[in-house]
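Quick notes on the structure that follows.
Note on naming: letters A, B, ... go to the chains in the order of the sequence lines (proteins, then strands), and numbering restarts at 1 for each one.
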Amino acid sequence: MAALTTISDIGTHEGQAVIIRGWLYNLRESGKLLFPIFRDGTGTIQGVVAKNAVAPEVFDALKGLTQESSVIVEGKVRADKRAPGGYELDVNNVQVVQRVPDSDPYPISLKEHGVDFLMEHRHLWVRSPRQAAILRVRAEIIKAARDYFDDRGFVLTDPPILTPAACEGTTTLFPVDYFDEQAFLTQSGQLYIEATAMALGKVYSFGPTFRAEKSKTRRHLTEFWMVEPEVAYATLDDIMELAEGLITTIVQRCLERRRRELETIGRDLSKLEQVTAPFPRITYDEAVKKLQEGFEKGALETKFEYGGDLGAPDETYLASQFDKPVMVHRYPAKVKAFYMEPDPQRPDLALCVDVLAPEGYGEIIGGSQRIGSYEQLRQRIQEHDLPEEAFKWYLDLRKYGGVPHSGFGMGIERAVAWICGLEHVRETIPFPRMLHRMYP
RNA sequence: UCCUCAGUAGCUCAAUGGCAGAGCAUCCGGCUGUUAACCGGAGGGUUGUAGGUUCGAGUCCUACCUGAGGAGCCA
């Protein structure tokens, strides 16, 4: 009796009869020889069907079979130097579970397609080997991030998705009807995990966040996932170290366990192998100096003025100076969020950090030490014109046993895009939500 | 929201203001080692929408629609 197996494990069954359950990826015919390529989600393998070696109904079932028809195939595994994966399957039986109709063939051919067409068929596009590999890397990154925190005594505490108010007043929110009230989809779990950090010490959240920004770039989605740690008694330096450890752990894990997928995607692995601690740390002041030098040298189009936030070309230029992620800390407080602790040495600066990924992938982590003082926080809320009553509970955290604490958020999609070396974050999530796309 | 670009067969793209084309996919035929297989044949079109200029518009003009790339904002 043939053993049920997957294509990824087929090498362990050399010389044996196996059963593969999957789909027809492609079919090449050469007279009385058929070369069907099967995929099952774990990989692809070429079958060989000679007319005089199989029952007529088996040959007829495969001859002319349409792309992406679902099939259960039985055959004998044979090592073959000509096969890209090292093995071929001598088919001796096949069951067509569902045949894709000739009149309405599978739309995504092996030839090239445009972005719009592929996005319109995202539900089918995810079947392609490259997209499937990206989703496997994404899953590995999420697993590695969660293992990193779980192994260090962090507790996963999930913040709500439906929230009564903005976390950061500046960004746009998606409103939703909540019975007789208006609620908003969360744009960060941070404020809530500050509360659970005061309860449990070290916590993190992992979940979707929503931002109704009309951003139309390769780095933006309206719905994206973040992993956010928050640590009681931690300083900015503590969480910079934590961020550095998280990134190196994730990259290392992908190199260990998803090397084959990264190769399928065509990632330059040597770039990832350079990602080791310690990462360069520069202050905002030093970054400004580098940006102004960059302008002098003609590498940047506009001269960076001290006091502003970094734009995308600025981040790209800074990151290009290093072969590993660079941590930029202590930005001017006025360009940053209301909850950030001022630097005691320079109160005009915030104790915050952005981690910029190499190769132009931009900010993948943003974090800070949070304001500890009740009065100062209340003042900032007023300065930012935020509704104080909505933040009453948040202010309570400074009233009842307030401590220095810090945390950061890492955007999963940007991390995936960087590690996979993708042009656009839309390929890093199964069904991206963007300014101009809600379907499928 | 702003700037730039694009929209022609199911897909990817051609077509100087003058007959609407190719490759892939589909269908028919051929091929016993193919690697996005190849070879021969067939079918397949409201050129994004609405106006306008012109003897004549896929091509030029106007508006709109849809999408892409970028900016700002952000992870």
Side-chain angles (χ1 to χ4, degrees), chain A residues 25-37 44-53 59 64 66-68 78 80-85 88 90 100-121 124 128-129 167-168 170-172 187-190 208-228 243 301-302 308-316 335-337 354-357 361-367 408-418 423-426 428-429 434-437 439:
Chain A
Y25 177 66
N26 192 23
L27 175 65
R28 285 186 279 268
E29 301 188 32
S30 181
K32 297 180 178 64
L33 259 186
L34 306 178
F35 299 100
I37 298 176
T44 58
I45 189 169
Q46 173 165 278
V48 182
V49 190
K51 188 167 190 176
N52 62 13
F59 190 87
T66 40
Q67 192 191 354
E68 285 300 315
R78 174 172 45 75
D80 193 307
K81 283 196 291 255
R82 289 168 294 192
E88 289 191 336
D90 288 321
V100 173
D102 293 329
S103 57
D104 199 2
Y106 186 69
I108 302 180
S109 71
L110 274 52
K111 295 276 183 179
E112 61 180 328
H113 297 284
V115 171
D116 187 40
F117 177 80
L118 289 171
M119 290 308 302
E120 200 68 16
H121 295 84
L124 303 175
S128 73
C167 297
E168 306 172 27
T170 53
T171 1
T172 328
Q187 56 186 335
S188 165
Q190 183 203 311
T209 50
F210 307 85
R211 297 196 185 170
E213 294 162 1
K214 298 208 167 170
S215 302
K216 204 175 124 38
T217 80
R218 68 184 60 180
R219 300 180 307 281
H220 287 86
L221 300 172
T222 54
E223 176 182 311
F224 65 100
W225 289 64
M226 277 208 290
V227 59
E228 298 178 277
E301 279 185 23
T302 51
D309 206 350
L310 271 47
D314 305 321
E315 289 183 354
T316 301
V335 300
K336 286 295 181 181
D354 282 359
V355 182
L356 309 180
Y361 284 93
E363 183 184 346
I364 53 171
I365 283 180
F408 65 80
M410 183 179 79
I412 296 295
E413 287 74 21
R414 286 192 186 173
V416 176
W418 164 50
E423 281 294 305
H424 200 298
V425 290
R426 64 185 162 222
T428 64
I429 186 169
M434 292 178 289
L435 183 54
H436 296 301
R437 179 151 312 269
Y439 177 92

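- If you take atom C1' in G48(B) and the same atom in U34(B), they sit 41 Å apart, rounded to whole Å.
- G21(B) and G45(B): their P atoms are spaced 13 Å apart (whole Å).
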Checklist entry - Which nucleotides of nucleotides 24-31 of chain B have their base under 4.0 Å from a protein heavy atom (B), which only their sugar-phosphate (S), and which neither (-), written as one string 5' to 3'? => result S-SS---B

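- Across all strands shown, Ala415(A) has no heavy atoms under 4.0 Å from either base or sugar-phosphate atoms.
- Across all strands shown, G17(B) has no partner, as no Watson-Crick or G-U wobble contact with both distances under 3.5 Å is found.
- Shown here, A71(B) forms a base pair with U1(B); the pair counts as Watson-Crick or G-U wobble because both key distances fall under 3.5 Å.
- The partner of A22(B), taking Watson-Crick or G-U wobble pairs whose two distances both stay under 3.5 Å, is U12(B).
- Between the side chain of Arg211(A) and the backbone N or O of Glu213(A) there is no donor-acceptor pair closer than 3.5 Å.
- Here Arg211(A) reaches the OP1 or OP2 of A75(B): one of its side-chain N or O atoms lies under 4.0 Å away.
- Base pairing of G7(B): its partner is C65(B), meeting the Watson-Crick or G-U wobble criterion (both donor-acceptor distances under 3.5 Å).
- Under the rule for a side-chain hydrogen bond (donor to acceptor under 3.5 Å, both in side chains), Gln67(A) has no partner lying at least two apart in sequence or in another chain.
- The closest side-chain heavy-atom distance from Ile412(A) to Val227(A) is below 4.5 Å.
- Base pairing of U53(B) is not made with any nucleotide, judged by Watson-Crick or G-U wobble geometry with both donor-acceptor distances under 3.5 Å.
- Separating the P atom of G30(B) from that of U49(B) is a span of 42 Å, rounded to the nearest Å.
- Sequence order on RNA chain B of the closest nucleotides to Gly114(A) and Asp90(A) puts Gly114(A) first from the 5' end.
- Counting non-hydrogen atoms under 4.0 angstrom, Asp104(A) reaches nothing in the nucleic acid.
- Look at the C1' atom in both U54(B) and G17(B): the space between them is 9 Å, to the nearest Å.
- Here the separation of C19(B) from G58(B), taken at their C1' atoms, is 14 Å to the nearest Å.
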Review item, nucleotides 65-69 of chain B N/O atoms under 3.5 Å of protein N/O:
residue, atom, partner, partner atom, Å
G67(B), OP1, His436(A), O, 3.0
G69(B), OP1, Arg426(A), NH1, 2.8
G69(B), OP1, Arg426(A), NH2, 3.0
G69(B), O3', Arg218(A), NH2, 3.3
G69(B), N7, Lys216(A), NZ, 3.4

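- To the nearest whole angstrom, the two P atoms, one in A14(B) and one in G23(B), are 16 Å apart.
- The side-chain hydrogen bond (donor to acceptor under 3.5 Å, both in side chains) test applied to Glu363(A) returns no partner, not counting sequence neighbours.
- With a cut-off of 3.5 Å on both Watson-Crick or G-U wobble distances, the partner of C27(B) is given as G41(B).
- Counting distance only, with no hydrogens placed and no angle test, the side-chain atoms of His113(A) and the base atoms of C11(B) include no donor-acceptor pair under 3.5 Å.
- Nearest to the side chain of Asp80(A), among G33(B), C74(B), A75(B), sits G33(B).
- The side chain of Phe117(A) lies closest to U12(B), out of U12(B), G33(B), U1(B).
- Centre separation under 5.5 Å together with a plane angle under 30° does not hold for the ring of Phe35(A) and the six-membered base ring of G33(B), so they are not marked as stacked.
- Put simply, the side chain of Glu88(A) and the base of G33(B) share a donor and an acceptor less than 3.5 Å apart.
- At a cut-off of 3.5 Å, with distance as the only test, a side-chain donor of Gln46(A) or Glu88(A) sits close to an acceptor on the other residue.
- Across the C1' atoms, G56(B) and U4(B) are found 32 Å apart, a figure rounded to whole Å.
- Comparing the C1' positions of G70(B) and C13(B) gives a spacing of 25 Å, expressed to the nearest Å.
- Using modelled atom types, one side-chain atom of Glu413(A) and one backbone atom of Trp225(A) make a donor-acceptor pair closer than 3.5 Å.
- Inspection of the His424(A) and Thr428(A) side chains reveals no N or O donor paired with an N or O acceptor under 3.5 Å.
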Item to check | Worked verdict on Val48(A) versus Arg78(A) for side chain to side chain contact (heavy atoms under 4.5 Å, CB included) | outcome: CA-CA 10 Å; Val48(A) 182; Arg78(A) 174 172 45 75; 3.9 Å; yes

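- Taking the side-chain hydrogen bond (donor to acceptor under 3.5 Å, both in side chains) definition, one finds that Thr66(A) meets it with Ser69(A), sequence neighbours left out.
- At a threshold of 4.0 angstrom between heavy atoms, the contacts of Glu112(A) include nucleobase atoms, whether or not backbone atoms are also involved.
- The CD1 atom of Ile365(A) sits 12.0 Å away from the CZ atom of Arg414(A) when rounded to the nearest 0.5 Å.
- At a threshold of 4.0 angstrom between heavy atoms, the contacts of Asp354(A) with the nucleic acid are absent.
- In this structure, Asp314(A) has no side-chain hydrogen bond (donor to acceptor under 3.5 Å, both in side chains) partners at least two apart in sequence or on a different chain.
- The 5' end of RNA chain B is approached more closely, in terms of each residue's nearest nucleotide, by Pro313(A) than by the other of Pro313(A) and Leu221(A).
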